[in-house]
Visitor: 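One structure coming up, written as structure tokens, with questions to follow.
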There are 2 protein chains.
Amino acid sequence: MEEIGQTEFICPSDTFLGIIKGKCKTTLIVLIKKGRNRYGEMCRTLPTISPRMISKQLDELERDGIIERHSFAELPPRVEYTLSDYGETLYPIIREIRKWGYMHQARTK
Amino acid sequence: MEEIGQTEFICPSDTFLGIIKGKCKTTLIVLIKKGRNRYGEMCRTLPTISPRMISKQLDELERDGIIERHSFAELPPRVEYTLSDYGETLYPIIREIRKWGYMHQARTK
DNA sequence: CAGCATCCACTCCGATACTG
DNA sequence: CAGTATCGGAGTGGATGCTG
């Protein structure tokens, strides 16, 4: 049997969950991955999430190195987000999570 | 490109994340899966998590149908938890999450 | 042993209003 | 267009004490 200790148990899960927990981070990652990567666009796609929250979640994802922010000095201003190489590594897992969700969402409620 | 709508984006992720978010649910699931499935045992394995929290998380996992609670009317009382068939379906994903965590935990701080 | 009840601090998140 | 500031309610989680 594998070694069982507190550190081994908690840390690995929290590395991932600490990054993608939060109101709508997986959703934002998927949107960006699909090219729907501008702030206003995301707000319109997710009308039930407040712009403040979308902004905050994008900030945190950028801080964690998952996404990159590209700001264009135009009028009107434009900002696009892209997945970083690091962010790409967790995308397959998000797909798995979403696939599981599709299969089992009937069960929850 | 896939259809993009709010429902398709948010629901599937939340089905999974809604279940495993919370202080230490993935950890508890792994402990149970490995046979370290008694309440006191878990508390001792996770000394930094309060017993109240472990109890609460186990309750929620049971309520969501992920784990089953088996109570033995002995003295001293004994309670064991096992993964349900439903719970087994999300175990592979938890393994992926943990594997990702092992590989990338150096990066996060 | 395996827990629940209570109290409290902290964090999350929405609503609203404002800015470069 | 792409945000930021502030307020306040709801939820999360620890500490402590008690129970069958």
Side-chain angles (χ1 to χ4, degrees), chain A residues 6 9-11 13-14 17-29 31-32 35-64 66-82 108-109, chain B residues 6 9-11 13-14 16-29 31-32 35-64 66-82 109:
Chain A
Q6 155 130 323
F9 267 94
I10 293 194
C11 291
S13 305
D14 280 358
L17 294 176
I19 287 172
I20 55 89
K21 87 169 178 313
K23 187 68 179 184
C24 53
K25 285 185 182 166
T26 56
T27 305
L28 292 175
I29 289 169
L31 280 176
I32 290 169
R36 197 162 282 205
N37 59 348
R38 294 184 55 181
Y39 177 73
E41 210 170 17
M42 299 186 204
C43 290
R44 264 175 279 118
T45 306
L46 309 173
T48 63
I49 314 281
S50 63
R52 172 196 177 283
M53 191 45 50
I54 291 177
S55 171
K56 198 161 160 292
Q57 305 290 297
L58 288 171
D59 276 357
E60 291 181 15
L61 286 172
E62 190 196 0
R63 188 204 57 201
D64 288 339
I66 305 301
I67 64 177
E68 284 156 9
R69 186 176 182 277
H70 309 278
S71 175
F72 301 86
E74 306 170 347
L75 274 180
R78 181 162 58 99
V79 176
E80 293 183 3
Y81 294 91
T82 54
T108 18
K109 179 167 34 71
Chain B
Q6 155 129 324
F9 268 91
I10 294 193
C11 291
S13 306
D14 281 359
F16 180 88
L17 294 175
I19 286 172
I20 55 88
K21 85 168 181 314
K23 188 68 180 183
C24 54
K25 284 184 183 167
T26 54
T27 305
L28 291 174
I29 289 169
L31 280 177
I32 290 168
R36 195 162 286 204
N37 60 346
R38 294 183 57 180
Y39 177 73
E41 208 169 19
M42 299 186 204
C43 290
R44 263 175 279 118
T45 306
L46 309 173
T48 63
I49 315 282
S50 63
R52 173 198 177 281
M53 191 45 48
I54 291 177
S55 172
K56 197 161 160 290
Q57 305 288 298
L58 288 171
D59 275 358
E60 291 180 16
L61 286 171
E62 190 195 1
R63 187 203 58 201
D64 288 337
I66 306 301
I67 64 176
E68 284 156 7
R69 185 174 183 279
H70 310 278
S71 175
F72 301 87
E74 309 171 346
L75 273 181
R78 180 162 59 100
V79 176
E80 293 184 1
Y81 294 92
T82 55
K109 187 165 29 3

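By convention in this document, chain letters (A, B, ...) are assigned in the order of the sequence lines, proteins followed by strands, and residues within each chain are numbered from 1.
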Visitor: Nearest whole angstrom, please: distance from the C1' of dG14(C) to the NZ of Lys23(A).
Guide: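 Computing the Lys23(A):NZ to dG14(C):C1' distance gives 9 Å.
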
Visitor: Measure from CZ on Phe72(B) to P on dA2(C) and round the result to the nearest Å.
Guide: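 It works out to 11 Å between those atoms.
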
Visitor: For His70(B) and dG3(C), what is the distance between atoms NE2 and C1' respectively, to the nearest whole Å?
Guide: 18 Å

Visitor: Picking from dC1(C), dG14(C), dT12(D), which would you name as closest to the side chain of Lys21(B)?
Guide: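 The closest nucleotide is dT12(D).
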
Visitor: If we only count heavy atoms from C-beta on, is the Glu60(B) to Lys25(B) side-chain gap below 4.5 Å?
Guide: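 Side-chain contact under 4.5 Å: yes.
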
Visitor: Between Leu46(A) and Leu28(A), is there a side-chain heavy-atom distance shorter than 4.5 Å?
Guide: yes

Visitor: Between dC4(C), dC1(C), dG13(D), which one does the side chain of Pro76(B) approach most closely?
Guide: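 Closest nucleotide to the Pro76(B) side chain: dC1(C).
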
Visitor: Rounding to an integer number of Å, can you tell me how far Glu74(B) CD sits from dG3(C) P?
Guide: 14 Å

Visitor: Find out whether His70(A) and Thr82(A) are in side-chain contact, i.e. whether some heavy atom of one side chain is under 4.5 Å from a heavy atom of the other.
Guide: yes

Visitor: Which nucleotide, dA2(D), dC4(C), dA5(D), lies nearest any side-chain atom of Asp59(B)?
Guide: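 Comparing dA2(D), dC4(C), dA5(D) against the side chain of Asp59(B), the answer is dC4(C).
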
Visitor: Step by step, would you call Lys21(A) with Leu17(B) a side-chain contact (heavy atoms from CB on, under 4.5 Å)?
Guide: CA-CA 8 Å; Lys21(A) 87 169 178 313; Leu17(B) 294 175; over 6 Å; no

Visitor: Write down the distance between NZ (Lys56(A)) and P (dT4(D)), rounded to a whole number of angstrom.
Guide: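 About 12 Å, once rounded to whole Å.
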
Visitor: With each end axis built from five pairs of C1' atoms, what bend angle do you get for the helix from dC1(C)-dG20(D) to dG20(C)-dC1(D)? Round to 10°.
Guide: 50°

Visitor: Nearest to the side chain of Met53(B), heavy atoms from C-beta on, is which of dG13(D), dG20(C), dA2(C)?
Guide: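 Of the candidates, dG13(D) comes closest.
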
Visitor: Any heavy-atom pair between the side chains of Ile32(A) and Met42(A) that's under 4.5 Å?
Guide: yes

Visitor: In whole angstrom, what separates Glu80(A)'s CD from dA2(D)'s C1'?
Guide: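 Value for this atom pair: 13 Å.
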
Visitor: Determine whether a donor-acceptor pair (one donor, one acceptor, N or O, separation below 3.5 Å) exists between the side chain of Arg52(A) and the base of dT6(D).
Guide: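 Result: at least one qualifying N/O pair found.
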
Visitor: So, taking the atom named NZ in Lys23(A) and the one named CE in Met53(A), what distance separates them when rounded to the nearest 0.5 Å?
Guide: 8.0 Å

Visitor: Could you state the atom-to-atom distance from CD of Glu60(B) to C1' of dC4(C) in whole Å?
Guide: 15 Å

Visitor: Can you figure out which of dG3(D), dG20(C), dC4(C) approaches the side chain of Tyr39(A) most closely?
Guide: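 The answer is dG3(D).
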
Visitor: Would you say Ser50(A) reaches dA15(C)'s phosphate, i.e. side-chain N/O to OP1/OP2 under 4.0 Å?
Guide: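 No, because none of the side-chain N or O atoms of Ser50(A) sits under 4.0 Å from OP1 or OP2 of dA15(C).
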
Visitor: Any idea which of dA2(C), dA2(D), dG3(C) is nearest the Arg69(A) side chain?
Guide: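 Given the options dA2(C), dA2(D), dG3(C), the side chain of Arg69(A) is closest to dA2(D).
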
Visitor: Identify the residue among Asp59(B), Ile49(B), Leu31(B) that makes a side-chain contact (heavy atoms from CB on, under 4.5 Å) with Ile54(B).
Guide: Ile49(B)

Visitor: Can you tell me how far the OG1 atom of Thr26(A) sits from the CD1 atom of Ile19(A), to the nearest 0.5 Å?
Guide: 13.0 Å

Visitor: Could you state the CD1-P distance from Ile49(A) to dA2(D), rounded to the nearest angstrom?
Guide: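 After rounding, the gap between these two atoms is 18 Å.
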
Visitor: So, does Ser55(A) get its side chain near the phosphate of dA2(D), meaning an N or O under 4.0 Å from OP1 or OP2?
Guide: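 Checking Ser55(A) against dA2(D): no side-chain N or O falls below 4.0 Å of OP1 or OP2.
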
Visitor: Does Tyr81(A) make a side-chain N or O approach to OP1 or OP2 of dA2(D) shorter than 4.0 Å?
Guide: no

